[in-house]
Amino acid sequence: MRIVVSIILALSMQTSAAQARQGSDVPAALAGFAEQMHLPGISLTIIERGEVVVDEALGLADLEQQVPMRTSTLNRIGSISKTMTAAAAIRMETEGKIDLDRNVSVYLGDFDGPAREVSLRQLASHTGCVRGYHDGEGISYQHYEDVFSALELFRGDALECVPGAHFIYSSYGYTLLSAALVRAEGEALPAVLQNEVWAPLGLEHVAFDDLRTVIPDRVRNYDLDEAGVLINAPFSDSSYKYAGAGVLASTHDLARFGAALTGGGFMTDREKGEMFAPATLTDGSTTDYGLGLYVDFGKFIDARREYLPPPLYESLMAQASQHRIYWHSGTSEGAVAILMVAPDEGRVLALAMNRGGVEKEAIVFAMSLMTMLAADEPSTQNEGDSASD
């Protein structure tokens, strides 16, 4: 893990809290992170209590054509797509279109794979034991015309465990969930997201990453080779994973979506409770994941303690203890994105970059920004409404 502890210390411990809250230090921190990580471009939007306080983009969305990155640029958001899909599912339950506790077989009678007896809630919380990717499956050269054809990738595969027994992260699980939503809605997946999430929130800079379609303001994506030179990211068709990792969004719209999850008018208190409650396993223990979001940052970090240098682990755990964070990261070919929501502080961060391979660094950077911005608000944890109360 190539994380420089000095960046963390500079952001989370040594930055003036007053300056941070005003946002004056955020652009400098963003520029420093972009330079350190050799990013072609980066975009950051931060909303505080409904107001956009940071809307900053640096670098290039397209190196060859020299197109600047903007906060309206459509970046790959990877697995944050799951958060949007889960929000759609929760709203559809309220509308009486689905029951999250009913099994896949209720909605997909023609699906004969082992996962047919997994519940929609288990799919959304990664407790359905649907397998993850096998080696080499992250890259796809095939285009799937609809979500049903993509099910053939894993239809006959055995479950990894008894449903509900373990947390097993699976984008295929979200492909299966999306098929149930499509059948229940009676419309294609783009219409499901449009009807349930994008249109109600007025999000216009969002789309599925369809490589066949001309999409204005879509970034080009890059990786860093062994010599430290930026190269084009590998080709991959995301049609098999649209619901789980195939959405494009601007950071401006992604932040607005994050703000809507804990704000008023989009999700009811019951719906928020569904999304933000950690999943309970059959042995009675809970995971660090709700429906489409990680809901316990400290538990997430503690489970990965052996992979972290002690100073970094201690710093992250200290930050996690200071405020509640709901979040998700997303990686795709040549892309990393982060969404973080601090419900007690009314703060949302959306970060996206068009270079792959820096997810861990981006998570640390985003969490450090959230801590830095909260440093001047010691009483906010007792103010306002709690999203899960």
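Values below: all heavy atoms of this structure, side chains included; hydrogens, waters and symmetry mates excluded.
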request  = Apply salt bridge (charged side-chain N to carboxylate O under 4.0 Å, His left out) to the pair Arg212 and Glu145, showing each step before the final yes or no.
outcome  = CA-CA 11 Å; Arg212 305 172 307 169; Glu145 293 298 330; 3.3 Å; yes
ask   = Going by atom types alone, do Tyr326 and Thr262 pair a side-chain donor with an acceptor below 3.5 Å?
value = no
task = Return yes if some donor-acceptor pair links the side-chain N/O of Asp146 with the main-chain N/O of Ser149 below 3.5 Å, else return no.
result = yes
NZ/NE/NH1/NH2 to OD/OE distance under 4.0 Å, Asp253 and Arg256 = yes
message = For the residue pair Thr73 / Asp217, report whether a side-chain donor-acceptor contact shorter than 3.5 Å exists.
response = no
task = Quick one: sort the Trp198 and Phe208 rings into parallel, tilted or perpendicular, breaks at 30° and 60°.
result = tilted
request  = Without swapping roles, check the side chain of Asp302 against the backbone of Gly298 for a donor-acceptor pair under 3.5 Å.
outcome  = no
inquiry  = Parallel, tilted or perpendicular, judged at 30° and 60°: which one describes the rings of Phe365 and Phe33?
reply    = parallel
query = Does Ser170 reach the main-chain N or O of Leu123 with its side chain, forming a donor-acceptor pair under 3.5 Å?
reply = no
inquiry  = So for atom OH, which belongs to Tyr141, do other residues, nucleotides or ligands contribute more than 12 heavy atoms lying within a distance under 6.0 Å?
reply    = no
inquiry  = Between Arg347 (side chain only) and Leu373 (backbone N and O only), is there a donor and an acceptor less than 3.5 Å apart?
reply    = yes
ask   = Got a salt bridge between Glu185 and Arg91, using NZ or NE/NH1/NH2 to carboxylate O under 4.0 Å?
value = no
inquiry  = Run Asn232 and Glu64 through side-chain contact (heavy atoms from CB on, under 4.5 Å) and show every step you take.
reply    = CA-CA 10 Å; Asn232 288 319; Glu64 293 176 354; 3.7 Å; yes
query = Considering the options Leu369, Leu58, Thr71, Thr251, which one meets the side-chain contact (heavy atoms from CB on, under 4.5 Å) requirement together with Leu44?
reply = Leu369
task = Could you walk me through whether Asp110 and Arg183 pass side-chain contact (heavy atoms from CB on, under 4.5 Å), step by step?
result = CA-CA 11 Å; Asp110 54 348; Arg183 187 65 58 81; 3.7 Å; yes
request  = Please tell me if the side chains of Val206 and Phe257 come closer than 4.5 Å, counting only heavy atoms from C-beta onward.
outcome  = no
Salt-bridge criterion met for Glu137 and Lys241 (N-O under 4.0 Å) = no
key: Over 12 non-hydrogen atoms of neighbours within 6.0 angstrom of CZ in Arg304   = yes
request  = Report the C-alpha separation of Gln319 and Ser315 in whole Å, then their side-chain angles, then the decisive distance to 0.1 Å, and conclude whether the side-chain contact (heavy atoms from CB on, under 4.5 Å) test is met.
outcome  = CA-CA 6 Å; Gln319 292 177 69; Ser315 174; 3.1 Å; yes
request  = May I ask you to check whether Thr287 and Lys299 show a side-chain donor-acceptor distance below 3.5 Å?
outcome  = no
query = Is the CZ atom of Arg270 crowded by more than 12 outside heavy atoms at less than 6.0 Å?
reply = yes
inquiry  = The test is side-chain hydrogen bond (donor to acceptor under 3.5 Å, both in side chains); show your working for Ser329 and Lys360 and say whether it passes.
reply    = CA-CA 9 Å; Ser329 60; Lys360 298 178 182 70; over 6 Å; no
query = Looking only at atom types and distance, does a side-chain atom of Arg116 sit under 3.5 Å from a main-chain N or O of Phe111, one as donor and one as acceptor?
reply = yes
inquiry  = Quiz question: by atom type and distance under 3.5 Å, do the side chains of Ser239 and Asp237 form a donor-acceptor pair?
reply    = yes
Exam field: side chain Lys82 to backbone Gly244, donor-acceptor pair closer than 3.5 Å = yes
inquiry  = Could you check whether atom CD of Glu35 has more than 12 heavy atoms from other residues, nucleotides or ligands sitting under 6.0 Å from it?
reply    = no
query = How are the rings of His328 and Tyr169 set relative to one another: parallel (under 30°), tilted (30 to 60°) or perpendicular (over 60°)?
reply = tilted
query = Hey, does the side chain of Asn75 reach the backbone of Ala61 with a donor-acceptor pair shorter than 3.5 angstrom?
reply = no
query = Are the side chain of Ser236 and the backbone of Ser140 linked by a donor-acceptor contact shorter than 3.5 Å?
reply = yes
key: Leu63 backbone acceptor or donor facing Arg220 side chain under 3.5 Å   = no
ask   = When you check the gap from the basic side-chain N to the acidic O, do Asp209 and Arg218 get nearer than 4.0 Å?
value = yes
ask   = Glu359 and Thr331: side-chain donor and acceptor closer than 3.5 Å?
value = no
Derivation and outcome, side-chain contact (heavy atoms from CB on, under 4.5 Å), residues Val247 and Thr85 = CA-CA 10 Å; Val247 172; Thr85 301; over 6 Å; no
ask   = Is a side-chain donor or acceptor of Ser81 paired with a backbone partner of Gly246 at a separation under 3.5 angstrom?
value = yes
key: Over 12 non-hydrogen atoms of neighbours within 6.0 angstrom of CD in Glu51   = no
ask   = Roughly how far, to the nearest 0.5 Å, is CH2 of Trp327 from CG of Leu349?
value = 12.5 Å
key: Glu204 CD: over 12 foreign heavy atoms closer than 6.0 Å   = no
